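Written below as structure tokens is the structure these notes are about.
Residue numbers begin at 1 in each chain, while the letters A, B, ... track the order of the sequences. For clarity, every value in this text was computed on a predicted model and none was experimentally measured.
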Amino acid sequence: MDSKTERMEKIVSLCKRRGFIFQSSEIYGGLNGFWDYGPLGVELKRNVKDAWWKDMVTNHDEFGTPPGAPQGFGMVGLDCSIIMHPQVWKCSGHYDLFCDFMVDCRECQARFRADHVPSSECPLKPSKHPGEHDKCKLTEPREFNLMFKTIVGAMGSAEDAAFLRPETAQGIFVNFKNVCDTTRVRIPFGICQVGKSFRNEITPRNFTFRSREFEQMELEFFCHPNSSMQWYQYWRDRRLKWYTTLGLAGERLQLREHAQEELSHYSCGTSDIEYAFPFLGAGEFGELEGVAHRGDFDLRSHSEGKLNEKTRPLQVELGPDGKPKWAGSGKDLSYFDDQTRERYIPHVIEPSAGADRGTLAFICEAFHEDNQPDEKGEMQSRIVMKFHPRLAPIKVAVFPLVKKDGMPEFALDLYRNLKAAGIATYYDQQAAIGKRYRRQDEIGTPFCVTVDGQSIQDQTVTIRDRDTLEQRRIPADKVLEEVAARLRA
RNA sequence: GCGGGUGUAGCUCAGUGGUAGAGCACCACGUUGCCAACGUGGACGUCGUGGGUUCGAGCCCCAUCACCCGCUCCA
């Protein structure tokens with residue numbers, strides 16, 4: 001049995017059937033690498049992003065020191081434009097890396113960077129370079145557009161080309177000075193941003209995991225160079241714990257510290273938080289979030305001009321004319337600490353998470369098939385999405401046991417009260433009660449409240465737990481309190 | 001980008017050149033009354049898309065798109 005494929009197919013099918021995730025432009029045949037979130041999916045993904053934002057920004061206490069942190073720190077948010085000045089991408093390094101000219105060999109089906117052909121080996125004849133072997137059939141160098149290009153202005157031409165951002169991070173770096181000048185933040189502090197990014201991935205694959213349009217949740221944390229390693233370790237551990245807290249199991253989640261040779265030349269450390277997605281082979285993990293120590297590469301590049309990653313210490317990359325290959329803004333992006341009278345360029349720790357990948361991981365982790373007894377006591381299979389209550393698209397479903405004797409009216413009242421309190425609530429009076437429970441199990445609703453004949457007499461209802469199937473009878477006016485408490489837990 | 005597979009109802013799939021099907025799901029009514037009940041009725045199809053062959057195509061041929069698997073790629 002190919003359980004790996006089967007399991008993923010069941011998950012994809014459920015996502016479609018229940019309105020979590022649809023193919024983009026499906027009625028036109030779909031579009032490779034793009035996906036839409038349906039009515040339940042949008043709630044789920046929103047809950048993931050909200051959990052991130054609240055845990056990082058809204059609920060952050062800048063006057064306390066979180067467990068494991070070297071000291072207290074500030075956290076603020078930002079939402080910047082998707083299209084930015086083209087020079088941003090030249091200084092960030094994306095332009096050079098994302099716009100390479102590539103050469104394909106039709107014979108050996110290999111691809112080479114055009115500028116690396118003289119130093120590459122032909123796979124068929126390793127003693128020769130690509131193109132030198134009799135059988136080589138190289139294509140003309142073709143531009144490899146890893147960034148989406150667009151034209152700014154209705155009458156714009158190629159000279160007005162701009163790019164859709166391939167990451168949200170650069171918007172934070174170029175606003176570093178603005179934030180420092182306007183918010184009274186002091187180092188150490190972080191700037192958070194959630195937003196769409198775009199990359200022309202070579203091969204979109206594995207459902208939403210590798211998409212061309214995706215959403216990131218990024219923090220750029222600015223700190224003193226001397227304490228940067230401590231902060232790197234703090235964020236690495238804290239970010240891992242965030243996923244655990246929201247329900248990703250220990251063995252399918254891992255932190256993988258990059259080996260020295262994997263690191264960018266300027267980085268003192270990078271870790272990936274990875275999840276064992278069902279579509280991957282045994283022992284394989286896919287990246288959810290990268291936590292990188294970026295040193296002062298970004299702020300210096302945007303100030304002095306794009307730095308050459310291969311130099312140590314980092315130096316501005318020069319063009320043939322001896323001037324910076326890509327000029328920086330020329331703005332001073334250093335930080336002045338008026339307590340210590342020290343001026344320095346902060347180092348940056350970057351936890352960069354994929355919102356769609358996280359959402360997909362929570363979906364995969366939540367997916368369970370188990371057996372539960374039906375009314376005759378015979379075991380029946382059921383699909384249940386065991387979302388953490390904080391992430392579940394619907395928190396409570398309210399049912400009248402039967403649609404008569406005042407039960408629907410009682411149940412609707414309760415439904416409206418819960419909605420008014422901001423709880424995502426669903427009302428259902430159709431079909432047998434057992435079927436309604438199963439419908440909610442399949443979309444991961446953690447609590448079902450049922451109004452029965454006794455409710456009309458004594459104002460109590462039963463509240464059922466999705467995972468244990470346990471039911472307790474509580475006063476109807478305690479439902480809100482009960483649910484709210486379990487959402488916090 | 002390369003090779004293989006798949007594409008028929010919301011979902012899972014049957015249908016091998018001659019009237020478009022099943023199960024589940026969905027809707028209505030009745031019945032039941034706490035874990036996928038039953039009865040009756042109902043709605044739901046560009047057979048992925050476009051061409052071609054044929055008297056006739058869901059089925060054969062070509063192209064194309066999407067998804068899955070394996071390579072490649074993933075700064």
Should A/Arg438 be listed as having a side-chain N or O under 4.0 Å from OP1 or OP2 of B/A36?
yes

Check your understanding: Which part of the nucleic acid, if any, lies within reach of A/Tyr28 when heavy atoms closer than 4.0 Å are counted: base, sugar-phosphate only, or nothing?
Key -> nothing

Exercise for review: Would you verify whether the NZ or CZ of A/Lys90 falls within 45 degrees of the ring axis of A/Tyr95 while also being under 6.0 Å from that six-membered ring's centre?
Suggested key: yes

So, with a heavy-atom separation below 4.0 Å from RNA chain B, the residues of residues 283-292 of chain A are none

Regarding the side chain of A/Ser13, the nearest nucleotide among B/C27, B/G33, B/U12 is B/U12

Exercise for review: Determine the Euclidean distance between corresponding C1' atoms of B/A20 and B/C44; express it in Å to zero decimal places.
Suggested key: 13 Å

Tested for salt bridge (charged side-chain N to carboxylate O under 4.0 Å, His left out) against A/Asp465, the lone hit among A/Arg486, A/Arg472, A/Lys386 is A/Arg486

Within 45 degrees of the ring normal and closer than 6.0 Å to the centroid, is that where the cationic atom of A/Arg464 sits relative to A/Tyr437?
yes

Counting distance only, does the side-chain N/O of A/Thr311 pair as donor-acceptor with the main-chain N or O of A/Gln315 below 3.5 Å? yes

Touch check for A/Thr450, heavy atoms < 4.0 angstrom, all strands: base, sugar-phosphate only, or nothing? base

- prompt: If only side-chain N and O atoms of A/Asn206 are considered, is one of them under 4.0 Å from the OP1 or OP2 phosphate oxygen of B/C69?
  reply: yes

* Could you label the plane-to-plane angle of the A/Phe176 and A/Phe222 rings as parallel, tilted or perpendicular, counting under 30° as parallel and over 60° as perpendicular? => tilted

OP1 or OP2 of B/C65 versus the side-chain N and O atoms of A/Asn32: is any pair under 4.0 Å? no

_Tell me whether the rings of A/Phe277 and A/Tyr275 are parallel (<30°), tilted (30 to 60°) or perpendicular (>60°)._
perpendicular

Practice prompt. With heavy atoms under 4.0 Å as the rule, sort A/Gly33 into base, sugar-phosphate or nothing.
Written response: sugar-phosphate

To the nearest angstrom, the CG-P distance between A/Leu31 and B/U64 comes to 17 Å

Checking A/Asp452, A/Thr462, A/Thr450 against A/Arg473 for side-chain hydrogen bond (donor to acceptor under 3.5 Å, both in side chains), the one that qualifies is A/Asp452

Quiz item: So, does the side chain of A/Glu201 form a donor-acceptor pair with the base of B/C74 at under 3.5 Å?
Solution: no

If you measure from the P atom in B/U31 to the same atom in B/C69, how many Å do you get, rounded?
50 Å

Atom CZ of A/Arg205 and atom P of B/C69 are separated, to the nearest Å, by 7 Å

ask   = What is the nucleic acid contact for A/Lys10, judged by heavy atoms within less than 4.0 Å: base, sugar-phosphate only, or nothing?
value = nothing

The residue, A/Glu26 or A/Arg382, whose nearest nucleotide of RNA chain B is more 5′ is A/Glu26

Quick one: is A/Thr203 getting a side-chain N or O under 4.0 Å of the B/C74 phosphate, OP1 or OP2?
no

When rounded to whole Å, the CZ to C1' distance for the pair A/Phe209 and B/C73 reads 14 Å

When both distances are under 3.5 Å in a Watson-Crick or G-U wobble arrangement, the nucleotide paired with B/A66 is B/U6

Is A/Lys435 close enough to B/A25 that one of its side-chain N or O atoms is under 4.0 Å from OP1 or OP2 there?
yes

